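Being a predicted model, the structure only gives us computed values, none of them experimental.
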Amino acid sequence: GIIMIKTLFKHISKYYKDTFVLAIAGVAVGVLVGLVDAAFGLGLNACTAIRTKYFWYLIWFLPLGGVFIWFIYHQFGKSVANGMKMVFHVGLGKNSKLPIRMVPLAVIGTWTTHLFGGSAGREGVAVQIGAAVSNNVGRLVDKTIDIENSRKMFLITGMAAGFGGLFQTPLAAVFFAMEVIVAGYLEYDALLPALIAAYTASFTSHFLELEKFAVDIQDTWTVTNLRSMISLIALGLAFGLAGRCFSVLLQKAKKLFGEKISNPLIRIGVMAIPLAALLFVIHGGRYTGLGTNLISAYF
């Protein structure tokens, strides 16, 4: 009986010790990622303001911006050029490390893209920032805890922090990160550190005056009848098909142009020149940057 009590006490002590370590690690990851997210987001806002003011001049340097991004990855980041693919490889156990240089390269590449009129999102960069920071913190903490799949747990924690810190939507960030590694499966073990990291990162970036993009919706829509439900289902199908088409076309385009124009410098120049011309002609830069202007216009 005494042996059983000692064994039980040992397991309970280990559980609370590991939980405490994960909670502290979640705070540390949240603060670090929140700092980087704030710097990234504020820098992105500055690039957007400069591009908006001098759009007619900067758009023609888009091809050079593309060449510059290729150059810095070719010189300093060949091992991290795959970006999100590397993050997924760590989550699936195919790799164990995310070099911290992934962070500055992703940030500089995105700033350059937006400064010269490229149209690109920021969520992928936010996730890479969080994943790389958390992966390196996790390697330090790994020796003090004995938890199965701790590497994946820290990866999810970092992804939640990256997304939550940049967009300041911590709850959505947690569920996104918990499900994104394997679609349809939630990593409940990562819930505690992910929640702590996401809320800490969100608070940190907000404290550092990174503004949250939001649209104030005054109207309400109560789903009380069959027509409303059918409308929502139809919208869901339309959104899903649009997303699928975009994903497939992006993959096909990358493969096609990679085969037709193998030299990346020529490929960037060939594609960026007509792209710059199109962005210049069509609505004077309406389709450049983050696209938040279009979201506001939709509402």
Side-chain angles (χ1 to χ4, degrees), residues 26 30 37 41 44 48 83-85 87-88 91-92 119-128 130-131 149 152-153 155-203 205-206 210-254 282-283 286-299:
D37 272 352
L44 199 57
T48 300
M84 282 302 298
K85 189 179 286 186
V87 175
F88 286 118
L92 297 172
S119 177
R122 51 189 163 164
E123 55 281 343
V125 181
V127 169
Q128 288 179 55
N149 290 330
K152 183 186 287 187
M153 188 179 295
L155 186 70
I156 292 169
T157 299
M159 292 168 76
F163 198 101
L166 187 63
F167 294 102
Q168 294 172 22
T169 54
L171 197 58
V174 169
F175 284 98
F176 162 78
M178 286 173 61
E179 191 181 25
V180 73
I181 300 296
V182 180
Y185 175 75
L186 292 175
E187 287 282 352
Y188 291 106
D189 291 342
L191 181 59
L192 176 65
L195 271 171
I196 293 172
Y199 275 94
T200 304
S202 179
F203 173 81
S205 63
H206 181 71
L210 178 64
E211 293 183 5
K212 176 182 180 179
F213 174 77
V215 177
D216 185 19
I217 301 175
Q218 299 293 337
D219 298 329
T220 58
W221 187 21
T222 306
V223 184
T224 56
N225 55 53
L226 185 61
R227 182 178 179 179
S228 297
M229 292 178 68
I230 291 173
S231 298
L232 285 175
I233 292 170
L235 283 171
L237 289 170
F239 296 154
L241 288 171
R244 179 62 178 166
C245 286
F246 173 73
S247 178
V248 170
L249 287 171
L250 192 62
Q251 291 173 12
K252 298 287 186 184
K254 283 183 177 180
I282 302 176
H283 288 282
R286 174 179 175 149
Y287 298 105
T288 58
L290 291 171
T292 50
N293 58 315
L294 297 177
I295 294 173
S296 298
Y298 297 152
F299 282 105

Which value, rounded to the nearest 0.5 Å, describes the distance between [X] atom [atom1] and [Y] atom [atom2]?
{"X": "Phe299", "Y": "Leu294", "atom1": "CZ", "atom2": "CG", "result": "12.5 Å"}
{"X": "Met159", "Y": "Met84", "atom1": "CE", "atom2": "CE", "result": "5.0 Å"}
{"X": "Lys252", "Y": "Cys245", "atom1": "NZ", "atom2": "SG", "result": "12.5 Å"}
{"X": "Lys212", "Y": "Ser202", "atom1": "NZ", "atom2": "OG", "result": "7.0 Å"}
{"X": "Gln168", "Y": "Leu210", "atom1": "CD", "atom2": "CG", "result": "5.5 Å"}

Give the C-alpha distance, both sets of side-chain angles, the deciding distance and a yes or no for side chain to side chain contact (heavy atoms under 4.5 Å, CB included) between Leu195 and Leu171. CA-CA 7 Å; Leu195 271 171; Leu171 197 58; 4.2 Å; yes
For [X], side chain to side chain contact (heavy atoms under 4.5 Å, CB included) partners two or more places apart:
{"X": "Leu250", "answer": "Phe246, Lys254"}
{"X": "Ala201", "answer": "Ala161"}
{"X": "Leu290", "answer": "Leu44, His114, Arg122, Thr292"}
{"X": "Glu211", "answer": "none"}

| query | In chain order, what residues pass the ring pair (Phe, Tyr, Trp, His ring centres under 6.0 Å) check against Phe203, with sequence neighbours excluded? | reply |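 Applying ring pair (Phe, Tyr, Trp, His ring centres under 6.0 Å) to Phe203 gives none.
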Item checked: Partner residues of Phe88 under the ring pair (Phe, Tyr, Trp, His ring centres under 6.0 Å) criterion, sequence neighbours left out ->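 For Phe88, no residue satisfies ring pair (Phe, Tyr, Trp, His ring centres under 6.0 Å) once neighbours in sequence are set aside.
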Inset, instruction - Could you go through the side chain to side chain contact (heavy atoms under 4.5 Å, CB included) check for Arg286 and Ile282 one step at a time? - result: CA-CA 7 Å; Arg286 174 179 175 149; Ile282 302 176; over 6 Å; no
_A side-chain contact here means heavy atoms from C-beta on lying under 4.5 Å apart; do Pro170 and Tyr199 qualify?_
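Contact flag for Pro170/Tyr199 side chains = yes.
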Report yes if some heavy atom in the side chain of Leu166 is under 4.5 Å from a heavy atom in the side chain of Glu123; otherwise report no.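 Sidechains of Glu123 and Leu166: no contact.
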Side chain Ser231, main chain Arg227, donor-acceptor under 3.5 Å: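 Confirmed, Ser231 side chain pairs with Arg227 backbone.
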Over all atoms of both residues, closest heavy-atom pair of Ser205 and Gly165:
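Residues Ser205 and Gly165, closest heavy atoms: OG-O, 2.6 Å.
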_Looking at every non-hydrogen atom in both residues, tell me the closest pair between Ala160 and Ala173 and how far apart they are._
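For Ala160 versus Ala173, the nearest heavy atoms are O-CB, 3.4 Å.
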Under 3.5 Å, sequence neighbours excluded: what are the donor-acceptor pairs made by side chains of residues 233-240?
none

Query raised in the report: Does a donor on one side chain sit under 3.5 Å from an acceptor on the other, for Ser228 and Asn225?
Result: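 On atom types as modelled, these side chains qualify, holding a pair under 3.5 Å.
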How would you list, by chain and number, every residue that makes a side chain to side chain donor-acceptor pair (under 3.5 Å) with [X], sequence neighbours excluded?
{"X": "Thr288", "result": "Arg51"}
{"X": "Asp219", "result": "none"}
{"X": "Gln218", "result": "Asp216"}

*Mind telling me whether Phe167 and Phe163 have parallel, tilted or perpendicular rings, with 30° and 60° as the class edges?*
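Tilted: the ring planes of Phe163 and Phe167 meet at 30° to 60°.
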task = Have a look at Leu191 and tell me which of Ile156, Val174, Thr157 forms a side chain to side chain contact (heavy atoms under 4.5 Å, CB included) with it.
result =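 That would be Val174; it is the only one of Ile156, Val174, Thr157 passing the side chain to side chain contact (heavy atoms under 4.5 Å, CB included) with Leu191.
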- prompt: If you draw a 6.0 Å radius around CZ in Phe175, do more than 12 non-hydrogen atoms from other residues or ligands fall strictly inside?
  reply: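 No - once you tally the heavy atoms of other residues, nucleotides and ligands closer than 6.0 Å, there are 12 at most.
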